[in-house]
Structures are given as C-alpha cells and as structure tokens.
Amino acid sequence: MPEKKRPNSNRKIIGGIIIAVALALIIGVGSLFIEKIQNGYVGVVYSPNGGVQEETLGQGWHIVGLFDKVTRYPVRMQTVQYDDIQVATSDGKNITMDFAYNYSIQPDKVVALFNKFGPVEVSEIESTYLRTRLWDAGRKAIAKYSVIETYGQKSAAAGMDVQKVFSEDVGDLGFIIDDLTLGVPKPDKATQEAINARVTASQELERKQTELKIAEAEAEKKRIEAKATADYNKIIRESMTPEVIQYMWIQKWDGQMPKATGTGNLIQIPIGDEPAAPKNQ
C-alpha cells in the first residue's frame with residue numbers, strides 16, 4: 001500500500017503557498033507606490049483629482065501616492081528626424097527636404113510643458129507639435145533662398161536660419177534646439193530639369209573662364225619671355241663697343257695672318273688704333 005503523506009508535509013506546502021502569495025501581494029502593492037525615473041529624465045507627478053505637483057522627480061527610485069501617475073520628459077539630448085517636409089524657395093520652386101535636429105527640455109519648465117500638453121508621451125509631442133513648428137520654421141527660412149542656393153554654399157546658412165526660427169518658436173516651452181541640419185533637397189521633375197540646365201550652363205561658363213585664364217597665362221608667359229630676350233639683346237648691343245669687339249677678336253686670333261690670293265699682296269689685319277697699309281711685293 002502507498003505511504004500516506006504526513007500532515008506536517010501538507011502544512012509546509014500550504015505555508016509556502018501563503019508566503020509566496022503574500023510576497024506577490026507585497027510586491028504588487030509596493031509597485032503602486034514606487035516609480036523609477038531613468039537617467040536623463042525627470043518626472044512630473046499628477047493625479048486625476050489632485051492636479052500637478054510642482055516638485056518634479058529626478059533620476060532614481062521614488063515613492064508616490066497610490067493614485068499618483070508620472071509623465072517623464074527627457075532633459076538630456078534627443079535626436080529627431082523628419083522626412084519629406086515640403087517647403088518653397090524664393091524663386092517659387094517646391095522642394096522636399098529631410099530635417100534632423102537635437103533637442104532637450106529645460107528641467108525647470110517640464111511642469112509648464114505638462115500643463116500645456118497634458119499626460120502625453122514626449123514622442124507624441126515630437127510627431128505632432130514639434131513637427132508642425134519645424135515645418136513652419138522651414139517654410140519661413142527657406143523662402144529667403146533660391147533653389148540653387150539650397151543646393152550650394154548657402155545650404156548651411158539656410159539650416160542655421162531654420163534653427164533660429166524654430167528655437168525661438170518653441171523655446172518658451174523649454175525646448176532647447178541644437179545641431180539642426182537639412183537634407184539634400186528633392187525637387188519635383190520640372191524643378192530638377194531647370195536645376196540641371198543651370199548647373200550645365202554654370203559648368204560650361206566655368207570651363208570657358210578656365211580656358212581663358214590659361215590662354216591669358218600662356219600669352220603673359222610669351223610676353224615675358226619675348227621681353228627678356230629683347231632686353232638681353234639690347235644689353236648685348238649696348239655693350240659691344242669697338243674696344244670690346246677688338247678684344248674679342250684678339251682672344252680668338254690664332255696668330256696667323258690672313259692671306260688674299262689673286263692680287264699678289266699680303267693683307268695684314270692690324271692690331272691697334274690705326275689701320276696698316278698693305279706692303280708691296
């Protein structure tokens with residue numbers, strides 16, 4: 001026959017179950033009073049009936065009321081990117097651009113931010129309010145630049161203008177905007193064709209200007225070389241006095257008197273100031 005379980009064993013099992021249930025209740029109930037705020041965030045405490053607490057929660061574990069709730073806001077840098085925002089340039093061209101920026105929230109303004117938007121996640125504020133304000137800032141700032149300028153050297157200036165307008169717009173709510181950048185503009189087909197034609201014309205003009213500069217440089221080089229040759233010849237001509245010519249002749253003379261045939265006379269080349277008369281044979 002099977003051995004019967006001892007009463008003590010049953011009591012131990014029941015006791016273990018009771019302890020486990022009690023621990024679970026303690027943990028469950030305790031979790032209703034404890035909130036953890038992650039590093040880089042602050043929490044705004046509110047309750048449906050009691051309103052919003054002015055004192056915020058920093059990072060770490062906190063005990064809150066049973067019916068209190070917490071909305072968290074980032075106070076360290078966050079990165080946001082919006083794709084395909086359409087704006088218009090000063091020359092009436094519609095372009096689509098990507099925008100990216102960093103932001104953080106001033107800790108002393110999170111309560112005011114909560115009072116404006118209520119208990120919503122900051123990601124929802126990013127995708128609605130901040131996106132709309134950035135589009136408005138981009139529309140105002142990009143309207144000062146032509147479509148070519150947004151492609152070229154003024155793209156950085158355009159990005160700074162967008163950031164300035166955007167920062168001033170949302171700064172009162174505690175948003176600190178930093179490092180706003182613009183993506184490469186994406187124009188419609190007609191605008192792209194106009195850009196391509198202008199770029200081609202600009203490249204052709206640059207090529208012709210380069211060729212002109214090369215031709216001017218080569219002509220200047222030849223002019224300088226010709227002047228140098230002329231100056232050299234002038235110096236030589238001015239330095240060739242009779243004395244110098246005679247000296248050069250002496251330096252090259254081999255000591256032999258030149259002779260002439262057919263006259264029976266010996267021609268002597270004099271060395272001195274006066275020419276020598278020919279001698280008769």
Side-chain angles (χ1 to χ4, degrees), residues 73-106 109 112-113 116-117 120-220:
Y73 295 95
V75 293
R76 66 181 179 186
M77 199 67 70
Q78 307 290 310
T79 300
V80 181
Q81 179 167 333
Y82 303 134
D83 296 333
D84 299 332
I85 294 181
Q86 190 175 70
V87 292
T89 59
S90 62
D91 45 0
K93 303 297 184 182
N94 292 322
I95 57 176
T96 302
M97 306 182 74
D98 298 338
F99 290 78
Y101 66 93
N102 297 328
Y103 82 90
S104 60
I105 302 174
Q106 294 176 246
K109 290 191 175 182
L113 190 63
K116 181 175 179 63
F117 293 100
V120 299
E121 295 293 330
V122 71
S123 58
E124 184 177 343
I125 299 175
E126 291 173 4
S127 61
T128 54
Y129 176 78
L130 289 181
R131 182 184 178 94
T132 301
R133 303 322 304 156
L134 178 60
W135 171 81
D136 187 64
R139 179 183 60 82
K140 293 176 180 177
I142 299 298
K144 298 187 297 183
Y145 298 89
S146 69
V147 65
I148 293 296
E149 289 173 337
T150 62
Y151 274 84
Q153 59 184 0
K154 291 190 177 181
S155 61
M160 293 177 63
D161 285 350
V162 174
Q163 178 174 320
K164 182 175 182 296
V165 176
F166 186 35
S167 297
E168 292 174 352
D169 191 5
V170 301
D172 291 342
L173 290 175
F175 289 99
I176 301 172
I177 307 300
D178 192 23
D179 293 334
L180 188 145
T181 57
L182 306 180
V184 178
K186 308 168 190 175
D188 54 32
K189 184 178 180 181
T191 302
Q192 185 63 62
E193 291 176 353
I195 292 172
N196 292 341
R198 184 165 179 176
V199 170
T200 300
S202 177
Q203 291 174 341
E204 180 65 18
L205 177 60
E206 184 177 353
R207 183 185 66 80
K208 290 181 179 180
Q209 290 175 340
T210 301
E211 291 177 351
L212 179 60
K213 289 179 180 179
I214 293 173
E216 290 175 349
E218 291 178 349
E220 180 65 13

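Crowding of M77 atom CE: a count of heavy atoms from other residues, nucleotides or ligands under 6.0 Å exceeding 12.
Atom-to-atom distance recorded for K109:NZ and L113:CG is 10.5 Å, nearest 0.5 angstrom. Once rounded to the nearest 0.5 Å, the distance linking OH of Y151 with CD1 of I95 reads 7.0 Å. In this structure, CD in Q106 is found 14.5 Å from OH in Y73, a value given to the nearest 0.5 Å. Expressed to the nearest 0.5 Å, how far CD1 of I142 lies from OG1 of T150 amounts to 6.5 Å. Between the OH atom in Y103 and the CG atom in L130 there is a gap of 6.5 Å [rounded to 0.5 Å]. Separating the OG atom in S155 from the CD1 atom in I148 is a distance of 12.0 Å, to the nearest 0.5 Å.
Under the rule for a side-chain hydrogen bond (donor to acceptor under 3.5 Å, both in side chains), the partners of D161 that lie at least two apart in sequence or sit in another chain are K144, Y145. By the ring pair (Phe, Tyr, Trp, His ring centres under 6.0 Å) test, F99 is found to be paired with no residue, residues two or more places apart in sequence or in another chain being considered. A search for side-chain hydrogen bond (donor to acceptor under 3.5 Å, both in side chains) contacts involving T132 returns nothing, not counting sequence neighbours. With sequence neighbours excluded, the residues that form a side-chain contact (heavy atoms from CB on, under 4.5 Å) with T96 are D84, Q86, K186. With sequence neighbours left out, K116 forms a salt bridge (Lys or Arg N to Asp or Glu O under 4.0 Å) with no residue at all.
Between the side chains of E124 and Y129, no donor N or O sits under 3.5 Å from an acceptor N or O. Checking T79 against N102 by side-chain atom types alone, a donor-acceptor pair falls below 3.5 Å.
Residues V75 and S104 have side chains not in contact (no heavy-atom distance under 4.5 Å, counting atoms from C-beta outward). Put simply, the side chain of L134 reaches to within 4.5 Å of the side chain of V162, judged on heavy atoms. By the 4.5 Å heavy-atom criterion applied to side chains, V122 and P74 are counted as neighbours.
A side chain to side chain contact (heavy atoms under 4.5 Å, CB included) with M97 is found for one member of I85, V184, V87 and no other, namely V87.
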For this session: Could you walk me through whether D91 and S146 pass side chain to side chain contact (heavy atoms under 4.5 Å, CB included), step by step?
Result: CA-CA 5 Å; D91 45 0; S146 69; 3.7 Å; yes
Output a table of donor-acceptor pairs, distance under 3.5 Å, between side-chain atoms of residues 168-179 and any protein atom two or more places apart or on a different chain; print 'none' if there are none.
from	atom 1	to	atom 2	distance (Å)
E168	OE2	K164	NZ	2.9
D169	OD2	R133	NE	2.6
D169	OD2	R133	NH2	2.9

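Nearest heavy atoms, A141 versus A158: CB-O, 4.5 Å.
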